[in-house]
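These notes are about the structure you will find just below.
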Amino acid sequence: MPELPEVETVKNALKKRVLNLKIKDINIIYKNIIEFPDVETFKKNIINQVILDISRKGKWLIFELNDYCLLSHLRMEGKYNIKKINDEYDKHEHVEIIFDNNVSLRYKDTRKFGRMYLIKKEEIYNTKPLNELGLEPWDENLNVKFLKQKYKNKKLPIKTVILDQSIITGIGNIYADEILFLSNINPLKQTSKLTNKEMQKIIDNTKITLQKAIELGGTTIRSYTSEEGVHGRFQNELLVHNKENELCPVCNNKIIKIKVGGRGTYYCPKCQK
DNA sequence: AGTGCGACCCGAACGC
DNA sequence: TGCGTTCGGGTCGCAC
């Protein structure tokens, strides 16, 4: 499942392959992938644009074009693959971008959950979907004071709030469990009751965990691969996520699985009181 | 405003 | 073995 580190990996892979290419045509096979604007306008506006740069904000991929930005969220299983024009479509390829050198960039998404927006460049940070995103993990404004302000009235469990993209952006279900384990915080703990020390640990461990995951090319669970087909190696580093009934690497107690806000949540009851 | 939950999807895993 | 059922994951929209 692409979280921040996976998107970073995909971004870096794509930059090597499609930078400075001009979009000659686009085929939208499954229309629901296009969230905004309507499909016809989307097509009309993206054709003849050149990919000037590719960046990332939270879990969003940002293709910077001449006049617009193409925003792409991979959600659960979105992937990009480079093919040649006229190569047959795979079953789950939903969008095809054709460049004027006849390279074909395919967006493939088994679950059809991913979404794309085409937004005027100057508006991307003032409008959906990027306008409500919180801080990147390495933003200098991410400190205890900031979290205190955001957390003070929250009655929800911290696990749920860590997944709230409007506070810190980029953390998904896998890394949330890892960050709370490293911070010795129970995922059910009411957010407003966190101490300063615990908030500092969340900040530190978020940076550490995501940085390490980026260095290892992300995590591979189920079918996730990056654009280059490289399997992320962070999966080998996971301490608690997906490890129900295995032993805690710190205290040897059994890791348990519960549901928090509808999400599968793994933790060590002894290390995370 | 904050919170909870179904909907969106479909392959894998599970239960019988 | 084969069938039907459940689950999961991020985000949005709706109900309360």
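Below, read A as the first sequence line, B as the second, and so on, with proteins coming before strands; counting in each chain starts at 1.
Nearest to the side chain of A:Gln165, among C:dT11, B:dG11, C:dG8, sits C:dT11. When the nucleotides B:dC9, B:dT3, C:dT11 are ranked by their closest atom to the side chain of A:Lys155, B:dT3 comes out on top. Taking only side-chain atoms of A:Lys59, from C-beta outward, the nucleotide of C:dT11, B:dC10, B:dT3 with the closest atom is C:dT11. Counting only heavy atoms from C-beta on, A:Arg75 has its side chain closest to C:dT11 among C:dT11, C:dG9, C:dG8. Closest to the side chain of A:Lys128, from the set B:dG4, C:dT11, C:dG13, is C:dG13.
At least one side-chain nitrogen or oxygen of A:Lys257 sits closer than 4.0 Å to the OP1 or OP2 atom of C:dG8. Between A:His92 and the phosphate of B:dG11, there is a side-chain N or O to OP1/OP2 separation shorter than 4.0 Å.
What separates CG of A:Leu133 from P of C:dT11 is a distance of 9 Å, to the nearest Å. Rounded to an integer number of Å, the gap from CG of A:Asn242 to P of C:dC7 is 16 Å. Rounded to a whole Å, the NZ atom of A:Lys112 is 18 Å from the C1' atom of C:dG10. Taking atom CD1 on A:Ile171 and atom C1' on C:dT11, their separation rounds to 16 Å, with Å as the unit. The nearest whole Å value for the distance from the CE atom in A:Met76 to the C1' atom in C:dG8 is 6 Å. Look at CG on A:Leu156: it is 9 Å from C1' on B:dG4, rounded to the nearest Å. Taking atom CZ of residue A:Phe36 and atom P of nucleotide C:dC12, one finds them 15 Å apart after rounding to whole Å. Between the C1' atom of C:dT11 and the CD1 atom of A:Ile167 lies a distance of 15 Å, rounded to the nearest Å.
Ring geometry for A:Tyr30 against A:His94 counts as tilted: the plane angle lies between 30° and 60°, on a 0 to 90° scale. Ring orientation note: the planes of A:Tyr266 and A:His241 are nearly perpendicular, at an angle over 60° on the 30°/60° scale.
Within 4.0 Å of A:Lys152, counting heavy atoms only, lies no atom of the nucleic acid at all.
In terms of polar N and O atoms assigned as donor or acceptor, the side chain of A:Arg111 never comes within less than 3.5 Å of the base of C:dT11 in a complementary pairing. Between the side chain of A:Arg263 and the base of C:dG10, at least one donor-acceptor pair of N or O atoms lies under 3.5 Å.
Both A:Asn153 and A:Lys91 sit near DNA chain B, but only A:Asn153 has its closest nucleotide nearer the 5' end. Taking the nucleotide of DNA chain B with the nearest heavy atom to each of A:Asn32 and A:Lys154, the more 5' of the two is matched to A:Lys154.
Searching all strands for a Watson-Crick or G-U wobble partner of C:dT1 with both distances below 3.5 Å returns nothing.
At distances below 3.5 Å, not a single donor-acceptor pair connects side-chain atoms of A:Gln49 with backbone N or O atoms of A:Ile46. Under the 3.5 Å distance criterion, the side-chain polar atoms of A:Asn253 are left unmatched by any main-chain donor or acceptor of A:Lys270.
Of the listed residues (A:Lys112, A:Lys108, A:Lys83, A:Lys79), just one forms a salt bridge (Lys or Arg N to Asp or Glu O under 4.0 Å) with A:Glu93, and that residue is A:Lys83.
Between A:Leu71 and A:Pro129 the shortest side-chain heavy-atom distance falls below 4.5 Å.
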